[in-house]
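A short write-up of the structure that comes next.
Keep in mind that this is a model prediction, so the values were computed, not measured.
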Amino acid sequence: MKQAYTPIACELYDQLELAAMRGREVCFELMAEGGSRTLTGVIADIWAKDGVEYLRLRSGESFRLDEMLAVDGEGVGACGVGH
């Protein structure tokens, strides 16, 4: 069972949307069982479903936004409010 969703910082959400509009490649460090994993790609979509926000890369890989540990080498944090 997944843990409750924790919204990401609003400023980071805006940066992700801008990167998607510009078609810029982004490097994500994500939480993974036993550590972390890295994904690099162009953002195809950001959406919300049932109170959880997701991101999909053009490659088809997707993840919850609260699984992000870092974006382009910068650590991320939660803001505690939705978008």
Side-chain angles (χ1 to χ4, degrees):
M1 185 166 145
K2 289 272 188 179
Q3 64 185 23
Y5 181 73
T6 303
I8 64 168
C10 300
E11 182 178 311
L12 176 57
Y13 189 93
D14 293 342
Q15 291 173 1
L16 294 173
E17 286 187 320
L18 186 58
M21 288 188 307
R22 292 182 174 166
R24 183 175 66 79
E25 188 171 85
V26 181
C27 180
F28 300 95
E29 182 182 353
L30 305 170
M31 287 185 265
E33 198 151 327
S36 65
R37 65 186 177 119
T38 301
L39 283 177
T40 301
V42 176
I43 300 168
D45 193 16
I46 303 171
W47 77 99
K49 180 179 178 184
D50 299 327
V52 178
E53 296 168 306
Y54 298 90
L55 184 148
R56 181 175 36 251
L57 299 176
R58 287 186 185 168
S59 65
E61 296 176 281
S62 61
F63 54 88
R64 286 170 43 147
L65 295 187
D66 65 347
E67 293 176 350
M68 294 185 300
L69 297 171
V71 177
D72 289 336
E74 296 291 323
V76 300
C79 69
V81 296
H83 304 282

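When every heavy atom of Cys27 is checked against every heavy atom of Thr40, the shortest pair comes out as SG-OG1, 3.6 Å. Closest approach of Ser62 and Trp47 over heavy atoms only: CB-CH2, 4.2 Å. Ile43 and Ala19 get closest at one heavy-atom pair: CD1-CB, 4.3 Å.
Taken from CD in Glu61 to CG in Leu55, the straight-line distance is 11.0 Å, to the nearest 0.5 Å. The structure places CZ of Arg64 at 7.5 Å from OG1 of Thr6, a figure rounded to the nearest 0.5 Å. To the nearest 0.5 Å, atoms CD (Glu53) and CD1 (Ile46) are separated by 8.5 Å.
In this structure, a donor-acceptor pair under 3.5 Å is present between the side chains of Glu29 and Ser36.
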Discussion item. Could you walk me through whether Tyr13 and Leu65 satisfy the side-chain contact (heavy atoms from CB on, under 4.5 Å) test, starting with their C-alpha distance in whole Å, then the side-chain angles of each, then the deciding distance to 0.1 Å, before giving a yes or no?
Written reply: CA-CA 9 Å; Tyr13 189 93; Leu65 295 187; 3.8 Å; yes
Fill in: Audit row: Leu18, Met21, side-chain contact (heavy atoms from CB on, under 4.5 Å) steps and yes/no
CA-CA 5 Å; Leu18 186 58; Met21 288 188 307; 3.7 Å; yes
Worksheet item: Are Leu39 and Leu30 close enough, and set up right, to give a side-chain contact (heavy atoms from CB on, under 4.5 Å), and what steps lead you there?
Response: CA-CA 8 Å; Leu39 283 177; Leu30 305 170; 3.5 Å; yes
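Contact check for Val76 versus Ile8: no side-chain heavy atoms found under the 4.5 Å cut-off. Between Leu16 and Glu11 there is no side-chain heavy-atom pair separated by less than 4.5 Å. Between Arg56 and Phe63 there is no side-chain heavy-atom pair separated by less than 4.5 Å. Contact annotation: the side chain of Phe28 approaches that of Leu57 to within less than 4.5 Å [non-hydrogen atoms, C-beta and beyond].
Contacts classified as side-chain hydrogen bond (donor to acceptor under 3.5 Å, both in side chains) and involving residues 16-25 (residues at least two apart or in different chains) are given here: Arg24-Asp72.
Annotation: salt bridge (charged side-chain N to carboxylate O under 4.0 Å, His left out) contacts of Arg37 (sequence neighbours excluded): none. Not counting sequence neighbours, Arg58 has no partner by the salt bridge (charged side-chain N to carboxylate O under 4.0 Å, His left out) test.
The hydrophobic cluster containing Leu69 does not contain Val26, counting ILVMFWY residues as joined when their side-chain heavy atoms lie under 4.5 angstrom apart, directly or transitively.
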